[in-house]
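From a predicted model like this one, the values you see are computed outputs, not experimental measurements.
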Amino acid sequence: MGGTSKSSGSGKSTQPSITDRTFTGVGNLIKLLPTGTVFLFQFLNPVLTNNGHCHTINKYLTGILLGVCGFSCCFSSFTDSYFGSDGMTHYGVATKNGLWPSSASESVNLSAYKLRVGDFVHAFLSLTVFAVVALLDSNTVDCFYPSFESTEKLLLMVLPPVIGAISSTVFMVFPNKRHGIGYPASQTSHES
């Protein structure tokens, strides 16, 4: 009843358990969400927004931070890594022809790293998650739209979990096989 089947005589399961699948899904979610970018935003946002008491320069600086972090969320979805012929991990950007740049790739088929539709879906969802976290942050709200009514503050409490649940479900059902900048490369050949 536990969702695993036992092989005869060995006592080991032949299918992953629900716990294993859950941890794999959470691992995929952690890998895909732009945690470094969100951390950078959470660290710099109070300083740049003057803790929500913005002047014009604070709004411009916060807008630049939002743009740079949003770009980082999207861009990271299009990066991947591979082990080159020199045994080192190399990073590149996925293109329609494969991974670019292609240094030390004599023994690696970089055309297996082509852009896929899923890359754009993951980039969009990563950007959406970041936008919800960033634009509904209390300092950002106080800076850019301080006249939020108490009824609209309900949006601040409800929207992040809803967007997070939708994105988490998509990330877990359709995991990304990319090993972008900051993540370990796969030792096995890349699946197309």
Side-chain angles (χ1 to χ4, degrees), residues 25-81 89-96 99-101 113 115-185:
V26 169
N28 287 331
L29 181 63
I30 290 169
K31 182 176 80 168
L32 293 172
L33 289 177
T35 54
T37 303
V38 171
F39 172 76
L40 179 69
F41 177 81
Q42 292 292 337
F43 181 73
L44 292 177
N45 189 41
V47 174
L48 295 179
T49 61
N50 193 22
N51 288 319
H53 305 292
C54 284
H55 301 289
T56 304
I57 189 69
N58 297 104
K59 289 182 181 184
Y60 284 119
L61 291 174
T62 303
I64 291 169
L65 178 65
L66 286 167
V68 168
C69 290
F71 174 78
S72 174
C73 288
C74 285
F75 180 74
S76 65
S77 297
F78 299 105
T79 62
D80 209 340
S81 61
T89 301
H90 297 275
Y91 295 93
V93 178
T95 67
K96 65 179 181 154
L99 209 56
W100 176 85
Y113 295 84
L115 270 178
R116 295 185 286 278
V117 173
D119 297 332
F120 293 97
V121 171
H122 285 275
F124 174 75
L125 289 174
S126 293
L127 180 63
T128 302
V129 168
F130 173 73
V132 166
V133 167
L135 295 176
L136 297 180
D137 179 78
S138 61
N139 290 326
T140 307
V141 169
D142 291 342
C143 182
F144 286 105
Y145 23 92
S147 62
F148 240 38
E149 297 293 326
S150 62
T151 56
E152 294 166 333
K153 293 216 185 237
L154 181 65
L155 177 70
L156 298 178
M157 295 186 305
V158 173
L159 192 59
V162 169
I163 296 295
I166 292 168
S167 298
S168 298
T169 302
V170 172
F171 285 156
M172 290 170 67
V173 172
F174 303 106
N176 195 348
K177 293 180 177 32
R178 296 229 182 262
H179 300 276
I181 294 172
Y183 298 103

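At distances below 3.5 Å, at least one donor-acceptor pair connects side-chain atoms of Asp119 with backbone N or O atoms of Arg116. Using modelled atom types, one side-chain atom of Ser126 and one backbone atom of His122 make a donor-acceptor pair closer than 3.5 Å. A donor-acceptor pair under 3.5 Å links the side-chain atoms of Ser76 to the main chain of Cys73, judged by distance alone.
For the residue pair Phe130 and Gly70, the shortest heavy atom distance occurs at CE2-N, 3.7 Å. Of all heavy-atom pairs between Arg178 and Ser77, the closest is CD-O, 4.0 Å. Residues Lys96 and Leu115 approach most closely at N-CD1, 4.2 Å, considering heavy atoms. Closest approach of Phe41 and Cys69 over heavy atoms only: CB-SG, 4.2 Å. Across all their heavy atoms, Leu99 and Ala94 have their closest contact at CD1-N, 3.8 Å.
Residues that satisfy the ring-ring contact (aromatic ring centres under 6.0 Å, His included) test with Phe43, not counting sequence neighbours, are absent from this structure.
Taking CG of Leu40 as the reference point, atom CG of Asn45 lies at 10.5 Å (rounded to 0.5 Å). Separating the NZ atom in Lys177 from the OH atom in Tyr113 is a distance of 13.5 Å, to the nearest 0.5 Å. Remark: Leu125 CG to Thr169 OG1 distance equals 10.5 Å, nearest 0.5 Å. To the nearest 0.5 Å, atoms CZ (Phe144) and CG (Asn58) are separated by 9.0 Å. To the nearest 0.5 angstrom, Thr95 atom OG1 is 12.0 Å from Phe78 atom CZ. To the nearest 0.5 Å, the span separating OG1 on Thr62 from CG on Leu135 amounts to 11.0 Å.
The closest side-chain heavy-atom distance from Lys59 to Cys143 is below 4.5 Å. For the pair Phe174/Val121, no side-chain contact is recorded, criterion being any heavy-atom separation below 4.5 Å from C-beta on. Counting heavy atoms from C-beta on, the side chains of Pro160 and Leu136 come closer than 4.5 Å. Counting only heavy atoms from C-beta outward, the side chains of Phe124 and Val170 never approach each other to under 4.5 Å.
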Thr49/Asp142 under side-chain hydrogen bond (donor to acceptor under 3.5 Å, both in side chains): CA gap, chis, key distance, verdict: CA-CA 9 Å; Thr49 61; Asp142 291 342; over 6 Å; no
